[in-house]
Amino acid sequence: MKRVIGIDLGTSNTFIYVSGKGIIFSEPSVIAFDTKTSDVLEIGYLAAKMIGRTPDTIEVIKPIQRGVPARMNPTINLIKKALRKNDIKNISNYSILFSVPCDITPIEKKALSEIAFNLGAKDVIFENQAKLAALGSGVSFKENRGNMHINLGAGTTNIIVTSGDRILVSKSSLFSGNLLDEAILRYLRKQRHLVVGSKTAEFIKMKIGSVESNLENRLLEVSGRDILTSLPHNVNISTNEVRNIILPLTELLLDAINDALTLTPPELASDVNENGIVISGGTALLAGMREFIEKHINIPVRLAPDPVAAVANGMKQYFNK
């Protein structure tokens, strides 16, 4: 059996799969380190808890943006620490499989290769993120039939149409979980004069965010800092407000899906219409998302069995397909 380490560098969460061991790491893509000594203090959940709560001597960052490293050394340290926590210290006999977004550039690929060889891997393999997610969602690539998979991530959305094992159409969209969080932050600042952190914006999205048409209008109390007085302040935000923030951004997603369908050959488009579309990724869990896409694209849509870990689950099957 080939020895492989599969790494899904997500903007929100990083998953690491090791052949023979399974998924050994599935935690937030966050690292905390001492700014004076550069020592890594925490990674994952423990580092995420430190966001906004540290002195100047400790920096807490998210080193991965849109599925690729935004900061090289912190990304390497994040992976090294995750591997060492699971007693994997020598990876010279391992190949590293990276999941990559549809629109990855040659420079970004080179950066990932440098990370792999810095870790000591013997070689590096790249595979489309949405294809791995499709594998992990139970999509079969054995028949030459058209399938569409949409991976709705925190940093980007990747859309593919496949026939057998080949990707015939590949599109990406700026629509993402982070985009929704940023829109909620802007709304609270401009309309409610409240400054909150990114974790609070994400909590609002997860708690009452929705794209449902007939939704129950609920209220959520949000704490932050008043812009005018600079004092702590609470406001109530409703489900309807959050829906009105999110809905205009869904046009980015619908446009990308329609573009992918337009580029799909007629015979394969017929297969997609018959087989339906599979969606995965954390943003696919937004309330009403499956029904929303189905209604506007007029094609059946189903949610992957484990949307958040679909890419990592696909890595398990990659060398057994």
Side-chain angles (χ1 to χ4, degrees), residues 10 12-13 102 129-130 133-134 136-140 145-162 169 171-184 187 201-220 237-262 264 268-311 313-314:
S12 181
N13 295 291
C102 294
Q129 186 183 78
S137 302
V139 175
S140 174
R145 290 181 58 81
N147 291 290
M148 174 177 277
H149 192 95
I150 304 173
N151 187 246
L152 296 139
T156 187
T157 289
N158 293 292
I159 305 167
I160 59 168
V161 176
T162 59
V169 178
K171 294 285 293 183
S172 64
S173 170
L174 292 176
F175 181 84
S176 63
N178 281 0
L179 187 72
L180 305 185
D181 296 345
E182 290 163 6
I184 292 170
Y187 174 84
E202 184 180 18
F203 177 75
I204 293 169
K205 177 188 68 183
M206 294 171 64
K207 193 73 174 177
I208 61 172
S210 176
V211 288
E212 293 176 300
S213 52
N214 299 314
L215 71 165
E216 177 190 356
N217 192 29
R218 294 175 290 144
L219 292 176
L220 179 68
I237 185 168
S238 70
T239 308
N240 274 333
E241 283 179 279
V242 180
R243 181 175 182 270
N244 290 335
I245 295 167
I246 292 173
L247 271 183
L249 301 174
T250 59
E251 291 298 322
L252 294 169
L253 173 62
L254 296 177
D255 286 347
I257 297 172
N258 281 317
D259 286 347
L261 289 169
T262 300
T264 303
L268 295 182
S270 177
D271 291 341
V272 170
N273 191 57
E274 183 180 333
N275 296 335
I277 298 170
V278 181
I279 61 173
S280 63
T283 309
L285 294 171
L286 185 70
M289 179 58 76
R290 184 192 68 79
E291 296 83 357
F292 178 83
I293 297 174
E294 187 172 273
K295 176 183 175 182
H296 287 81
I297 302 299
N298 200 28
I299 295 175
V301 177
R302 65 184 186 277
L303 186 65
D306 188 354
V308 177
V311 175
N313 289 330

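By convention here, the first residue in the shown sequence is residue 1.
- In this structure the side chain of Val169 never reaches within 4.5 angstrom of the side chain of Leu261, judged on heavy atoms.
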Step-by-step side chain to side chain contact (heavy atoms under 4.5 Å, CB included) determination, Leu286 to Leu180: CA-CA 11 Å; Leu286 185 70; Leu180 305 185; 4.1 Å; yes
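- Residue pairs that meet the ring-ring contact (aromatic ring centres under 6.0 Å, His included) test with at least one member in residues 269-311, sequence neighbours left out, are Phe292-His296.
- When atom types are taken as modelled, the side chain of Ser173 and the backbone of Thr156 share no donor-acceptor pair closer than 3.5 angstrom.
- With sequence neighbours left out, the side chain to side chain donor-acceptor pair (under 3.5 Å) criterion links Ser172 to Asp103.
- The side chain to side chain contact (heavy atoms under 4.5 Å, CB included) check on Ala133 picks up His149, Asn151, Ser280, Ala310, Val311, with sequence neighbours excluded.
- The salt bridge (Lys or Arg N to Asp or Glu O under 4.0 Å) contacts involving residues 274-284 comprise Arg145-Glu274, where partners must be two or more places apart or lie in separate chains.
- For Lys171, the side chain to side chain donor-acceptor pair (under 3.5 Å) test picks out no residue, with sequence neighbours left out.
- With hydrogens and angles disregarded, a donor-acceptor distance shorter than 3.5 Å links the side chain of Asn158 to the backbone of Cys102.
- Contact check for Ile297 versus Asn258: side-chain heavy atoms found under the 4.5 Å cut-off.
- Residue pairs that meet the side-chain hydrogen bond (donor to acceptor under 3.5 Å, both in side chains) test with at least one member in residues 242-253, sequence neighbours left out, do not exist here.
- Taking CD1 of Ile208 as the start and CG of Leu220 as the end, the distance is 5.0 Å to the nearest 0.5 Å.
- Residues passing the side chain to side chain donor-acceptor pair (under 3.5 Å) test with Asn178, sequence neighbours excluded: none.
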Go through it in stages, so that I can follow the logic: the residues are Leu179 and Leu252, the test is side chain to side chain contact (heavy atoms under 4.5 Å, CB included), and I'd like the CA-CA distance, side-chain angles, deciding distance and then a yes or no. CA-CA 11 Å; Leu179 187 72; Leu252 294 169; 3.7 Å; yes
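- Note that the CD1 atom of Ile150 and the CD1 atom of Ile257 stand 3.5 Å from one another [nearest 0.5 Å].
- With hydrogens and angles ignored, the 3.5 Å screen pairs no side-chain donor or acceptor of Asn275 with any backbone N or O of Asn147.
- Around atom CG of Asn217, more than 12 heavy atoms belonging to other residues, nucleotides or ligands sit under 6.0 Å away.
- Formation of a donor-acceptor pair under 3.5 Å by the Thr264 side chain with backbone atoms of Ala269 is not found in this model.
- Closest approach of Asp181 to Glu202, counting heavy atoms only: OD1-CA, 3.6 Å.
- Here Arg302 pairs with Val278 under the side chain to side chain contact (heavy atoms under 4.5 Å, CB included) rule; sequence neighbours left out.
- The shortest non-hydrogen separation linking Gly276 to Ile299 is CA-CG2, 4.1 Å.
- Here the side chain of Thr283 pairs a donor or acceptor atom with the backbone of Gly177 at under 3.5 angstrom.
- Of all non-hydrogen atoms in Leu303 and Ala284, the two that sit nearest each other are CD1-CB, 3.7 Å.
- Taking CG of Asn240 as the start and CD of Glu216 as the end, the distance is 10.5 Å to the nearest 0.5 Å.
- Closest approach of Gly155 to Ser176, counting heavy atoms only: C-CB, 3.5 Å.
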Verdict with reasoning, Ile159 to Met148, per side chain to side chain contact (heavy atoms under 4.5 Å, CB included): CA-CA 7 Å; Ile159 305 167; Met148 174 177 277; 4.2 Å; yes
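- Atom OG1 in Thr239 sits 11.0 Å away from atom NZ in Lys207 (nearest 0.5 Å).
- With sequence neighbours excluded, the residues forming a side chain to side chain contact (heavy atoms under 4.5 Å, CB included) with Tyr187 are Gln191, Arg192, Ile237, Glu241, Ile245, listed by chain and number.
- With sequence neighbours excluded, the residues satisfying side chain to side chain contact (heavy atoms under 4.5 Å, CB included) with Val301 are Ile277, Ile279, Arg290, Ile293, Glu294.
- Listed by chain and residue number, Ser210 satisfy the side chain to side chain donor-acceptor pair (under 3.5 Å) test with Glu212 (two or more places apart in sequence, or in another chain).
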